[in-house]
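For reference, the structure is listed below as structure tokens.
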Amino acid sequence: MSKNLKILISIEASFRFILFFVFYTSVTIFPDSEGYLDLTQRLSKFDLSNYNGLRSPGYPLLISFVNSNLYAVIFMQFGLGIITSVFQYKTLVHFDFSKKNSLMIALFISCFLNVFFFETCILVETFVLFFMSALIYLLSKKSFQDQNLKHDFLIGFILGYLALIKSFYIFIPFLLLFWLVLNRLNFNTILRKGLVILLFPMLSFLGWSYVNKINIGQFSSSGISGLYLAQNCVYFAEGAPKEFDWISKPYVAYREKSIRENRDVAMAIWYAYEDGAYDKYNLSLPQFSVELGKFAKATIKENPIAYFKQIITKSWFDFWKPTINWRYEGFNFKYINKLLFGIWHLQSVLIVLIKVGFIFVFCFQLVQFVKNRKLVLEFLLSSIVFSASILQGLVTYGTNNRFSYPFEFIMIISVLLFLKSNVKLPNKLNIWLQ
């Protein structure tokens, strides 16, 4: 192991040790965590009968590996976080940053407080970040179109597990396949590599959809996909066709109630369901989700302008907001939460600036691609992030900023690569970026 890697691992481990054992010895549970823990129990018993399809099994499999010991899960996530930093360091080296600067940038990426606090949560983000970092590392190691079959299978496995953690990530292998086509490789190469990188993701996606078909009668990767889509209709739910009045009227009432009570408006349909506004229809959550899917599609069709306004000004816009998940009152010492909140406030401003810079970089790369028809890896990475920002906006509204967290390191690397290649900085800064 190189000296830089020893330094990186030592600092990463010390950072987590001090924060966890001194300041914040909490395992943070959120409403979303309960769904993962429920599926974990079912997987541990090898019994998925009548499961409602609320969550995908990728993350619960990790939890079941340590027999649902939540502190063990946190320590595993700390370990994954350290390995993630190693992947990011090696990726930077592949992008021709010096080893010294790669070390400094990797430490910079991991010093954001949301990295540590996501690792203390029972949520998928740390696990997703680990696999996303491994994927980018493999893509940076050698030109994707020139990689051998072993690397293709490894990339395919990573993409398959990402789809098993959250079906949303099924778009990535298709984006890579499109990339191969744009590179004008011969048909046999595209077919061979395409089959390999699609194999595991499609097995994950279709296999879990089949399990849901057996349990809830829906061939879908999620038992509540209709509910997610309906969340995007929250601000124009009253525009639904008359046949959906039974859904829209309580929905609008709870939206207005949420606004008055300063609650999360995006969750209005959840509040309505949990408060029993639809109990008289005797629908299970998956059954209700099917009806919500029909309602959402019909309402969007009737209100396309309102839908796209919702995506641009709410769902897509929220993707770019910084996010941190912690229990603010769970710290070991009084006032330490205020200190860390102040640090996070400064860091969140920096994250916003980086994301604004990334959007500019993506637009620049897009113009360059249109002008030169030259495909570069940096544009592929930016395209993955930008595609994610659009797709998440199309399918749901609510906690959209969590979608961006596993992509933030790609944004940072993209901005630094742009500065390194295209901007003439003062000599000292230019040398630092080499």
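The shown structure was predicted, so the numbers you read here are calculated from the model rather than taken from an experiment. Excluded from the calculations below are hydrogen atoms, water molecules and symmetry mates; all remaining heavy atoms, backbone and side chain alike, are included.
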Would Lys257 count as a cation-pi partner of Tyr271, with NZ or CZ less than 6.0 Å from the six-membered ring centre and within 45° of the ring normal? no
Identify the two heavy atoms, one from Trp326 and one from Thr28, that lie closest to each other, and give their separation to 0.1 Å. C-CG2, 4.2 Å
Check the orientation of Phe407 and Tyr169. Use parallel for under 30°, tilted for 30 to 60°, and perpendicular for over 60°. tilted
Return yes if some donor-acceptor pair links the side-chain N/O of Tyr273 with the main-chain N/O of Leu285 below 3.5 Å, else return no. yes
If only atom types and distance count, is the side chain of Ser258 paired as donor or acceptor with the main-chain N or O of Ala268 below 3.5 Å? no
Within a strict 4.5 Å, meaning less than it, do heavy atoms of the Pro322 and Trp344 side chains meet? yes
Set of salt bridge (Lys or Arg N to Asp or Glu O under 4.0 Å) partners for Asp38, sequence neighbours left out: Arg42
Which pair of non-hydrogen atoms, one from Ser33 and one from Ile122, has the smallest distance, and what is that distance? OG-O, 2.7 Å
What residues, two or more places apart in sequence or in another chain, satisfy ring-ring contact (aromatic ring centres under 6.0 Å, His included) together with Tyr24? Phe117, Phe331
Check the angle between the aromatic planes of Trp320 and Phe386 and answer parallel, tilted or perpendicular using the 30° and 60° thresholds. tilted
With under 30° as parallel and over 60° as perpendicular, where do the rings of Phe200 and Phe153 fit, or are they tilted in between? perpendicular
With sequence neighbours excluded, give me every salt bridge (charged side-chain N to carboxylate O under 4.0 Å, His left out) pair touching residues 229-243. Glu238-Arg255
Write down the atom of Tyr307, the atom of Leu394, and the distance for their closest heavy-atom approach. OH-O, 2.8 Å
Exercise: identify the closest heavy-atom pair between Phe244 and Ala240: CB-CB, 4.3 Å
Are the side chain of Ser348 and the backbone of His345 linked by a donor-acceptor contact shorter than 3.5 Å? yes
Aromatic contact, Phe174 with Phe178 (centres under 6.0 Å): no
Sub-3.5 Å donor-acceptor pair from the side chain of Ser85 to the main-chain atoms of Ala106, do we have one? no
Looking at Gln392 and Phe168, would you say the former's side chain and the latter's main chain have a donor-acceptor pair under 3.5 Å? no
For Tyr397, check ring-ring contact (aromatic ring centres under 6.0 Å, His included) against everything at least two apart and list the hits. none
Do Phe369 and Phe379 have ring centres separated by under 6.0 Å? yes
Pairs touching residues 340-350 that satisfy salt bridge (charged side-chain N to carboxylate O under 4.0 Å, His left out), sequence neighbours left out: none
Exactly one of Phe360, Phe358, Phe95, Phe362 should register a ring pair (Phe, Tyr, Trp, His ring centres under 6.0 Å) with Phe418. Which one does? Phe360
Is any side-chain heavy atom of Leu54 closer than 4.5 Å to one of Leu39? no
Contact summary for Val385 and Phe319, nearest pair of heavy atoms: O-CZ, 4.2 Å
Quick check with a 6.0 Å cut-off and a 45 degree axis cone: is Lys166 positioned over the face of Phe127's six-membered ring? no
Can you see which heavy atom on Lys100 is nearest to which on Asn4, and at what distance? N-ND2, 4.0 Å
Do the ring planes of Phe116 and Phe78 sit parallel (below 30°), tilted (30 to 60°) or perpendicular (above 60°)? parallel
How many angstroms lie between atom CG of Leu92 and atom CD1 of Ile105, to the nearest 0.5 angstrom? 5.0 Å
Return each pair, listed once, that meets side chain to side chain donor-acceptor pair (under 3.5 Å) where at least one residue sits in residues 353-369; pairs must be two or more places apart or across chains. Lys355-Ser404, Lys355-Glu408, Gln365-Ser382
Between Glu256 and Arg260, does at least one N-O distance fall below 4.0 Å, as a salt bridge requires? no
